[in-house]
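What follows is a set of notes on a single structure, which appears directly below.
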Amino acid sequence: MLDIRLFREKPDYVKERLSTRGAGLSSMVDEVTSLDEQRREAETERQKLQGDRNRISKEIGIAKKKGEDTSAIEAQVRGIGDRIEQIGRDADALDIKQREIMLGIPNLPHDACPIGDSAEQNPEVKVWGEKPSYDFQPKDHVTLGAQHGLLDFEAGAKITGSAFVVYRGQGARLERALINFLLDLHTTQHGYTEVNTPFVVKADALVGTTQLPKFADQVYHCQEDDLYLVPTAEVPVTNLHREEIVKTEALPIQYAAYTPCFRREAGSAGLGTRGLIRMHQFDKVELVKITTPETSMEELEKLTANAEVVLQTLGLHYRIIELCTGDVGFGSTKTYDIEVWAPGQGSFLEVSSCSNFGEFQARRMNLRYKDEHGKNRFCHTLNGSGTALARLFVALVETYQQADGSIAIPAPLQRYFGSEKIG
RNA sequence: GGAGAGGUGGCUGAGUGGUCGAAAGCACAUCUUUGCUAAAGAUGCGUAGCCUUUAACAGCUACCGAGGGUUCGAAUCCCUCCCUCUCCGCCA
């Protein structure tokens, strides 16, 4: 959520920044500004009346002690009470409306975020390694998975539905090995603290990290208990500190967490894609940082570098693109996407999205720290995948397939996997 | 799931309808004094919003788990919900 004061003081700046995301947002700014004016007017009136009531009610108490008759004043206060109720209703309604609209307005892209209309204009900022070449026709992971009995899409569809998969045998083992490898890497080499959270959360947590209310159709909801399946570990992990004033010395707080991620992918174009590319459930190791405003941008660089180490260690070719203003996510001020090369796909796959949310999420979840003057300020929050697993699995088996059909396991992964190759 | 106890400021804890945003203690901050591996005293010390302002101060409002209700007036009475603890039941 954005700071309402920014709307009051610099509406044109807010409009200008929002317009870099695309058309149609500036009318919301005007709507909020006018609503805010009405709301404050009602609020001020209500507070004035409440003050009157408090004062006169005290007088009643004093008069009663002296044994005086107070029926006339009581009637007067009753009248004030009625007006408070009326105006209070208006003020509350305006307040709810304003908050509702505010929750639907995206974050302002950072000045460092490149301007652009769509994904086509995302600049490529880095390429690491090169595309591997093969003296045979490389297969895709679906074929390789079937050949070695790693992936069973039919079973996934049978027990749950399409876009769910069952990992079997060496496939299940590889998935598990990757999770352990990633958690160990980030906790022992990059200073993250491992956390293992619930996989279902309440609505407030999703509001905090911006999945709700705007993207309600993308999360699985258990109606009976009003709980949601996590779409990413970002949600439970960032919300660990909601409603808190964290100690400044504790910043930056850095967490690494494994969770499965559940996504409805309603209306998603890629849902029919063959294989593991887009699933309703996939594993992910997520990195989360809570920082001061001063350091968040440099922490974003570090976070991205931490995710890159995954691909470097596994020897996978990748590139980093920077999302332009027209493509950057709802709550983000700046985002790097890391895309790994998948030879069987003949394309890059997004395995990590590293974002700095500024104070956007912190404001929603009331996450603050005390600055050097003892003043409470909102933290900055960041997160990035370190990395998403299904696609990492894809890149790995497709990259390391051999002419004889076997799949080599990169050396750093072997002790987790327990073998040098599959097949 | 059932029974009981309880949720008050950073912590402990008083407060059962009226000058209560809330006693007292601890912790913390500043100052003073003594003087030296510490003690005593003074003052200050919640959050958010509104109003105002260059800014600060002052002022006003709200907040005693959450949401409703009763009342001229609610931390205090009533209702619903949530959470914690104890016991019982069930259970990986």
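Both backbone and side-chain heavy atoms feed into the values below; hydrogens, waters and symmetry mates do not. Below, chain A is the first sequence line, B the second, and so on; all start at residue 1.
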What's touching nucleotides 90-92 of chain B from the protein side, N or O pairs under 3.5 Å?
none

Residue pairs passing the salt bridge (charged side-chain N to carboxylate O under 4.0 Å, His left out) test where at least one lies in [range], sequence neighbours excluded:
range                       : value
residues 348-362 of chain A : A/Glu359-A/Arg363
residues 67-84 of chain A   : A/Glu45-A/Arg83, A/Lys64-A/Glu74
residues 251-266 of chain A : A/Glu265-A/Arg278
residues 141-167 of chain A : A/Asp152-A/Arg168

Taking atom [atom1] in both [N] and [M], compute the distance separating them and give it to the nearest angstrom.
N     : M     : atom1 : result
B/U8  : B/A23 : P     : 16 Å
B/A22 : B/G9  : C1'   : 9 Å
B/C78 : B/C90 : C1'   : 34 Å
B/G46 : B/G4  : C1'   : 33 Å

With A/Glu37, which residues qualify under salt bridge (charged side-chain N to carboxylate O under 4.0 Å, His left out), at least two apart?
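With sequence neighbours excluded, A/Glu37 shows a salt bridge (charged side-chain N to carboxylate O under 4.0 Å, His left out) to no residue whatsoever.
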Establish, from distance only, whether the side-chain atoms of A/Lys370 and A/Asn376 form a donor-acceptor pair under 3.5 Å.
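On atom types as modelled, these side chains qualify, holding a pair under 3.5 Å.
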Side chains of A/Glu398 and A/Gln345, donor plus acceptor under 3.5 Å
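There is such a pair (donor and acceptor under 3.5 Å, judged by atom type) between the side chains of A/Glu398 and A/Gln345.
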What is the distance, to the nearest angstrom, from the CG atom on A/Asp226 to the P atom on B/C81?
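Computing the A/Asp226:CG to B/C81:P distance gives 16 Å.
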In whole angstrom, give the distance that lies between atom CG of A/Leu49 and atom P of B/G73.
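Spelled out: CG on A/Leu49 to P on B/G73 is 13 Å.
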Classify the ring geometry of A/His190 against A/His186: parallel below 30°, tilted from 30° to 60°, perpendicular beyond 60°.
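Tilted: the ring planes of A/His190 and A/His186 meet at 30° to 60°.
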Show me the pairs that pass ring pair (Phe, Tyr, Trp, His ring centres under 6.0 Å) and involve [range], at least two apart or across chains.
range                       : value
residues 231-258 of chain A : A/His241-A/Tyr255
residues 39-59 of chain A   : none
residues 197-226 of chain A : A/Phe215-A/Phe330, A/His221-A/Tyr228

Nearest heavy-atom pair of A/Ala177 and A/Leu413: which atoms, and what distance?
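That closest heavy-atom pairing would be O-CD1, 4.1 Å.
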Of all the heavy-atom pairs spanning A/Asn306 and A/Tyr192, show the shortest one and how long it is.
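That would be OD1-OH, 2.7 Å.
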Along nucleotides 47-66 of chain B, 5' to 3', which nucleotides get a B, which get an S, and which get a -, given that the test is a protein heavy-atom distance under 4.0 Å?
SSBSS--------BSS----
Any stems for RNA chain B, made of 3 or more Watson-Crick or G-U pairs in a row, each with both distances under 3.5 Å?
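Result, WC/G-U stems under 3.5 Å: B:1-7 with B:82-88, B:10-12 with B:24-26, B:28-32 with B:40-44, B:46-50 with B:59-63, B:65-69 with B:77-81.
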With a 4.0 Å heavy-atom cut-off, tell me which residues in residues 74-101 of chain A come close to RNA chain B, sorted by residue number.
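Of all residues in residues 74-101 of chain A, the ones placing a heavy atom under 4.0 Å from RNA chain B are A/Glu74, A/Val77, A/Arg78.
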